[in-house]
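Structure in structure tokens, see below.
Letters A, B, ... mirror the listed sequences (proteins, then strands); counts begin at 1. Just so you know, these numbers come straight off a predicted model, no measurement behind them.
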Amino acid sequence: MARWRGALWSRGHKMAAPMQRALCGGAVRWRWVLGPRWLSASAAPRWRLVGALCLQRPPSITQALSPEQEEMAQLVQQIEVEKSNFSDHEIRRLTEEEQLQKRKDNTHDEEADSGQAIVLAQDLEDAWEQKFQQFKAGPRITDADKRNDRTSLNRKLDRNLMLLVKEKVGNQELWLLPQAEWQAGETLRSTAERALATLSGNCIQAKFLGNAPCGLYKYKFPRAFRTEESVGAKIFFFKALLQSGDLLQAERRDYVWVSKGELGDYLKPDYLTQVNRFLMDH
Amino acid sequence: GAGLQPAAVAGAQHWRGAERSRCGRGAPGPARAMLAAARGALRLLPRGRAGAGSALLSSQLSWTINFRGNHWQTSMLAFQASLPMRAEPRKKKKVDPRREQVQKDRMKKKIKKMEKAAQEMIPIEDFVTPFKFLDASRVRAISLLSFEESERRALLLKKWALYKQKEHEAEMETLKSLMAAQQEALEELRLESEELYQAAIRRDEDLFPLEKEGPSYTPQIPGYEAPEGNASILPKCTHSEIRRLFHTAGRRYSVH
């Protein structure tokens with residue numbers, strides 16, 4: 001299928017040489033006259049298309065409140081209590097306190113004692129407190145957090161964790177998002193799905209968020225690797241949410257699950273800036 | 001056999017005369033077509049057949065007599081389509097339409113009356129404070145705030161307003177960056193291949209409905225069995241009843 005070049009669409013194309021820009025600019029106006037001559041005369045660089053996968057494990061616990069949020073939460077609770085009326089439980093507790101006080105001062109009536117409840121409100125509260133103490137909630141800071149085990153999915157439960165893999169690109173080993181080269185006859189989203197399948201071997205179920213790519217990284221190959229067909233590559237990222245599964249079963253050793261803040265430890269600077277554009281939280 | 005023809009011919013002549021007297025100069029087309037059709041029909045009529053002939057004789061007579069007296073019969077060949085043969089059995093001719101009409105009018109009158117009458121509001125019980133909560137003994141003693149406390153509160157509110165503003169701005173920036181990144185990616189994709197671009201901007205039908213559990217304060221404990229809840233808290237109204245109540249617009253309803 002003939003590649004269609006819309007020169008009007010390119011804005012701030014770093015790769016466009018001035019010669020090519022003039023050619024395309026002139027060609028656009030005279031396209032109808034020159035016709036096929038324009039198509040064959042363009043020295044447009046060819047890019048390899050790559051589909052990459054931004055697989056995220058969504059958080060399962062809420063983030064801790066910041067100091068400002070804590071202060072405000074306490075103030076709001078205070079105001080709410082001040083503006084409220086007494087509840088049934090509070091009235092019961094107040095009356096029982098009065099009665100206890102009267103009994104201490106020995107001013108109680110013998111007759112009124114007969115109709116008294118056996119279980120006081122205070123006793124109920126103590127029982128509830130006990131029950132709450134007996135319940136052991138799951139830990140917010142897990143073992144994996146303490147060990148800083150970056151291959152574990154149980155780490156940093158309040159953040160989005162992203163999958164990074166180490167691959168050989170050209171002649172160097174790089175940390176990057178899992179990717180696969182585009183083959184004719186498939187959409188880029190299916191390229192990303194294929195990348196996931198080859199990586200995990202069908203262990204991982206993920207929900208892809210739409211057909212459109214969320215970001216792009218464009219780079220040129222070093223002079224040694226450039227050919228007639230490809231000057232560089234365009235990597236299109238697709239977001240997916242991890243539903244179930246893990247890479248433990250897959251035959252892969254060099255992968256990590258990291259949050260956005262830790263990406264800088266692994267990714268190259270240019271790649272990192274492009275990836276950071278489509279990531280939401282810290 | 002021989003008797004048929006003179007009658008038919010006489011009928012044709014009579015028909016022709018009638019055509020001239022009625023139509024005059026106007027619309028000779030359909031009349032001529034009918035004439036041709038009638039002539040064709042005459043030629044097609046079998047001669048000397050008793051059984052079929054008697055039926056055809058009566059139908060011949062019917063169309064010679066009833067020629068163009070009714071607008072139901074547009075074609076001379078369509079004998080069965082004339083009015084007397086097409087109508088349904090006329091057992092309840094006058095009574096039924098009138099009765100149905102009367103019934104419809106009664107219903108319409110009733111509806112109008114109901115609409116005109118003031119619509120009763122059904123009170124929502126949740127919006128009415130029960131009397132026991134309005135008791136004076138329930139009111140909390142309002143301790144006046146000290147100067148320091150009120151100052152602290154005022155300053156905290158201002159600080160909070162600023163914090164929320166910054167948070168909102170940061171969120172908006174993130175969203176803009178997200179959208180810009182996607183737009184750029186789509187533009188570059190379009191430069192490469194139009195069909196890939198079209199595939200990318202197509203709506204993903206399988207995306208929704210998307211169900212996802214939100215975050216809780218503590219993580220899930222694997223294999224935990226929650227204790228039984230309190231059944232008396234459940235509402236007395238069933239879900240379908242609530243839905244039915246809330247579908248009618250402009251009325252307030254209560255959930256008992």
Side-chain angles (χ1 to χ4, degrees), chain A residues 1 3-6 9-11 13 47 49 58-63 66 68-69 71-72 75 78-79 81-88 91 136-140 142 154 157-158 182 187-189 207-216 218 234 236-237 241 243 274 276-281, chain B residues 132-135 137-140 142-143 145 149 152-153 156-157 159-160 162-164 167 171 174-175 177-204 206-207 210-222 224 227:
Chain A
M1 181 223 132
R3 290 209 175 158
W4 177 81
R5 302 272 332 182
W9 299 87
S10 61
R11 266 192 250 145
H13 240 15
W47 301 86
L49 297 180
S60 55
I61 60 175
T62 52
Q63 290 179 7
S66 69
E68 298 94 344
Q69 286 175 329
E71 267 191 84
M72 194 60 194
L75 176 63
Q78 231 177 337
I79 293 174
V81 169
E82 282 170 14
K83 289 194 174 172
S84 68
N85 284 342
F86 288 124
S87 64
D88 291 341
I91 286 189
K136 282 283 163 247
R140 279 171 65 89
T142 59
N154 252 344
L157 295 172
D158 58 345
W182 175 75
T187 62
L188 276 170
R189 176 183 156 160
K207 179 91 179 177
F208 274 80
L209 301 176
N211 287 326
C214 57
L216 162 82
K218 200 166 67 173
K234 285 187 182 176
F236 293 94
F237 300 100
L241 291 179
Q243 285 173 322
Q274 289 298 100
N276 271 337
R277 284 180 79 191
F278 59 79
L279 291 180
M280 271 296 282
D281 66 7
Chain B
K132 68 168 182 167
F133 293 130
L134 297 171
D135 207 7
S137 66
R138 294 242 181 197
V139 176
R140 223 178 270 271
I142 304 170
S143 54
L145 298 172
E149 180 61 22
R152 179 192 80 95
R153 288 189 183 186
L156 181 56
L157 286 171
K159 214 166 68 166
W160 180 249
L162 188 66
Y163 174 82
K164 285 303 271 186
E167 193 184 58
E171 266 180 30
T174 320
L175 288 173
S177 155
L178 240 70
M179 281 167 59
Q182 189 169 57
Q183 269 310 109
E184 217 180 85
L186 286 171
E187 280 175 17
E188 293 280 339
L189 182 59
R190 195 165 204 184
L191 288 178
E192 288 303 309
S193 148
E194 183 67 23
E195 63 180 35
L196 283 180
Y197 172 76
Q198 291 301 329
I201 61 173
R202 204 169 296 141
R203 190 181 291 185
D204 184 11
D206 302 325
L207 184 58
L210 174 63
E211 283 186 16
K212 204 168 87 69
E213 284 272 328
S216 50
Y217 184 66
T218 52
Q220 271 187 356
I221 302 169
Y224 177 74

Charged N-O contact under 4.0 Å between B:Arg153 and A:Glu82
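Counted as a salt bridge, because a side-chain N and a carboxylate O are separated by less than 4.0 Å.
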What part of A:Leu188 is in contact with chain B, defined as an atom under 4.5 angstrom from a non-hydrogen atom: side chain, backbone, both or neither?
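Both the backbone and the side chain of A:Leu188 come within 4.5 Å of chain B.
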Can you confirm whether B:Leu157 sits close enough to A:Met72 that some side-chain heavy atom of one is under 4.5 Å from a side-chain heavy atom of the other?
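With C-beta onward as the side chain, the pair touches.
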Could you tell me if the side chain of A:Trp182 sits less than 4.5 Å from the side chain of B:Leu196, heavy atoms only?
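Of all side-chain heavy-atom pairs linking A:Trp182 with B:Leu196, at least one is under 4.5 Å.
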Specify which of A:Leu157, A:Leu209, A:Leu216 makes the most heavy-atom pairs with chain B at under 4.5 Å.
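Result: the option with the highest number of such pairs is A:Leu216.
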side-chain contact (heavy atoms from CB on, under 4.5 Å) evaluation trace for B:Arg202 with A:Thr187
CA-CA 11 Å; B:Arg202 204 169 296 141; A:Thr187 62; 5.8 Å; no
Please state whether the side chain, the backbone, both or neither of A:Leu279 comes within less than 4.5 Å of a heavy atom of chain B.
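Contact with chain B involves the backbone of A:Leu279 alone.
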Start with the C-alpha gap between B:Lys132 and A:Asp88, add the side-chain angles, then the distance that decides, and say whether side-chain contact (heavy atoms from CB on, under 4.5 Å) holds.
CA-CA 10 Å; B:Lys132 68 168 182 167; A:Asp88 291 341; 3.6 Å; yes
Go through it in stages, so that I can follow the logic: the residues are B:Lys212 and A:Lys207, the test is side-chain contact (heavy atoms from CB on, under 4.5 Å), and I'd like the CA-CA distance, side-chain angles, deciding distance and then a yes or no.
CA-CA 11 Å; B:Lys212 204 168 87 69; A:Lys207 179 91 179 177; over 6 Å; no
Grab the two heavy atoms, one from A:Ser87 and one from B:Arg138, that are nearest each other, plus how far apart they are.
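Residues A:Ser87 and B:Arg138, closest heavy atoms: C-NH1, 3.4 Å.
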Measuring heavy-atom distances to chain B, does A:Arg140 have an atom under 4.5 Å in its side chain, in its backbone, in both, or in neither?
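For A:Arg140, backbone and side chain are both near chain B.
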Let me know if A:Gln69 has heavy atoms under 4.5 Å from chain B in its side chain, its backbone, both or neither.
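Both parts, backbone and side chain.
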What part of A:Lys83 gets closer than 4.5 Å to chain B, counting heavy atoms only: side chain, backbone, both or neither?
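For A:Lys83, there is no contact with chain B at all, as no heavy atom is under 4.5 Å.
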Residue A:Ser66 versus chain B: region with a heavy atom under 4.5 Å:
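For A:Ser66, side-chain heavy atoms alone lie under 4.5 Å from chain B.
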Side chain, backbone, both or neither: which part of A:Phe237 has a heavy atom under 4.5 Å from chain B?
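No part of A:Phe237 comes within 4.5 Å of chain B.
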Of the backbone (N, CA, C, O) and the side chain (C-beta and beyond), which part of A:Pro59 lies under 4.5 Å from a heavy atom of chain B, both, or neither?
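The answer is the backbone of A:Pro59.
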Could you check whether any side-chain heavy atom of B:Arg152 comes within less than 4.5 Å of a side-chain heavy atom of A:Leu75, counting everything from C-beta outward?
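B:Arg152 vs A:Leu75: side chains touch.
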Contacting region of B:Asp135 [heavy-atom separation from chain A under 4.5 Å]
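Looking at B:Asp135, nothing touches chain A.
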Would you say B:Leu186 and A:Phe236 make side-chain contact, with heavy atoms under 4.5 Å?
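Contact flag for B:Leu186/A:Phe236 side chains = no.
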